[in-house]
Amino acid sequence: MVFQIYAVLSRAFDRNIPASDPPSYKGVALGGFGTGALQSLMLTPVELVKIRLQLQLRNIPDHKNQATSCRGPVDVARSIFRQEGWRGIYRGLTITVLRDAPAHGLYFWTYEYVREQLHPGCRKNGQESFRTMLIAGGLAGVASWICCYPLDVIKTRFQAQSQSTPSRYTGIVDCFRRSVKQEGYNVLWRGLGTAVARAFVVNGAIFTAYETALRFAYGKDHQSLCYIDAS
């Protein structure tokens, strides 16, 4: 869904570019920005449930209650909705948009720019090598995570709280201020090395798999990554 939304939006911001040519880097960045913002509408509830599931054992006073707590994502979602309504389900939407919109703009821009530098002309003819896809995709993932990591830390802390959480944050800014005050600015980058290492491998594989799938589906002369059916 992300790739197809990006394909449409990157063209929407570049209507003067012929369909036979790839979007400009401006269109790529703006298309990615819009894609990240739209993705947040679907991603926020999913990440909220994931975070609550990952952290719920910390909030259970004894082992006996573990079995009767939330048994899965559906139970977590029902519990949040029952206690907090739609506002609770979409807790963290604003910061998710702030994280994902610029990160996706940089994500797609980095991929397009790096692969063109490694294999000039490949944005138009789609003939880049697997090595180019892996490196460009990996660096795109690294760039996007470095860009958004501090916001991801704040988002996770903000979404981890519930109505019963003591000393709840009053908002995103309060969460940022209190986290930095208690643990210093290093808290915003804690775990970055692991996230970057994973991002390089995962996103290199994602872009390579997607490009390869397009080649099998449309032949070796397909134009580029996300431009199939973009019009």
Side-chain angles (χ1 to χ4, degrees), residues 1-11 13 22-23 25 27-47 49-51 54 73 96-149 151-153 155-156 191-230:
M1 292 178 66
V2 165
F3 283 130
Q4 287 306 304
I5 292 173
Y6 163 71
V8 173
L9 292 183
S10 62
R11 286 295 182 186
F13 290 112
Y25 289 122
V28 166
L30 292 175
F33 189 95
T35 299
L38 291 175
Q39 174 192 259
S40 300
L41 296 174
M42 298 174 279
L43 190 63
T44 298
V46 176
E47 289 209 344
V49 170
K50 176 183 73 73
I51 290 169
Q54 289 176 323
T96 302
V97 172
L98 292 175
R99 180 196 70 171
D100 285 359
H104 276 70
L106 183 61
Y107 181 64
F108 285 107
W109 184 91
T110 300
Y111 177 76
E112 296 289 347
Y113 179 80
V114 171
R115 73 188 187 118
E116 184 68 18
Q117 298 303 307
L118 294 175
H119 195 135
C122 69
R123 293 189 68 223
K124 186 168 184 177
N125 59 39
Q127 297 300 307
E128 66 271 34
S129 65
F130 286 107
R131 174 177 171 273
T132 296
M133 299 178 205
L134 286 169
I135 294 175
L139 291 178
V142 169
S144 65
W145 268 108
I146 292 176
C147 166
C148 73
Y149 198 78
L151 286 173
D152 184 68
V153 172
K155 182 191 77 69
T156 300
L192 177 63
T194 302
V196 165
R198 183 192 68 172
F200 186 89
V201 175
V202 170
N203 289 282
I206 287 174
F207 276 105
T208 303
Y210 194 84
E211 290 278 16
T212 303
L214 287 183
R215 290 185 180 184
F216 276 107
Y218 296 95
K220 292 185 178 181
D221 294 328
H222 79 86
Q223 187 191 56
S224 188
L225 165 69
C226 305
Y227 311 142
I228 301 298
D229 294 333

Can a donor-acceptor pair be found, under 3.5 Å and without considering hydrogens, that links the side chain of Glu116 to the backbone of Arg123? yes

Taking only residues at least two apart or on different chains, which pairs with a member in residues 129-140 satisfy side-chain hydrogen bond (donor to acceptor under 3.5 Å, both in side chains)? Ser129-Thr132

Please identify each residue that fulfils side-chain contact (heavy atoms from CB on, under 4.5 Å) with Thr44, with sequence neighbours left out. Ser40, Tyr90, Leu93, Thr96, Gln159

Below 4.5 Å, heavy atoms only, C-beta onward: do Val196 and Tyr149 meet side chain to side chain? no

Approximate separation, where rounding is to 0.5 Å, of Ile5 CD1 and Gln39 CD: 8.0 Å

For residues 99-110, which residue pairs pass the salt bridge (charged side-chain N to carboxylate O under 4.0 Å, His left out) check, not counting sequence neighbours? Glu47-Arg99, Arg99-Asp152

Donor-acceptor pairs are to be reported for all side-chain atoms of residues 134-148 against protein atoms at under 3.5 Å, with residues two or more places apart or in another chain.
| from | atom 1 | to | atom 2 | distance (Å) |
| --- | --- | --- | --- | --- |
| Ser144 | OG | Ala140 | O | 3.3 |
| Ser144 | OG | Gly141 | O | 2.9 |

Please tabulate, for side-chain N and O atoms in residues 28-37, each donor-acceptor pair with protein atoms closer than 3.5 Å (sequence neighbours left out).
| from | atom 1 | to | atom 2 | distance (Å) |
| --- | --- | --- | --- | --- |
| Thr35 | OG1 | Tyr6 | N | 3.4 |
| Thr35 | OG1 | Gly31 | O | 2.7 |

side-chain hydrogen bond (donor to acceptor under 3.5 Å, both in side chains) pairs, two or more places apart, involving residues 194-208: Tyr107-Asn203

Parallel, tilted or perpendicular: which fits the ring planes of Phe207 and Phe108, with parallel below 30° and perpendicular above 60°? perpendicular

Close side-chain approach of Lys155 to Ile51, heavy-atom, < 4.5 Å: yes

Is it true that atom CZ of Phe13 has more than 12 heavy atoms of other residues, nucleotides or ligands lying nearer than 6.0 Å? yes

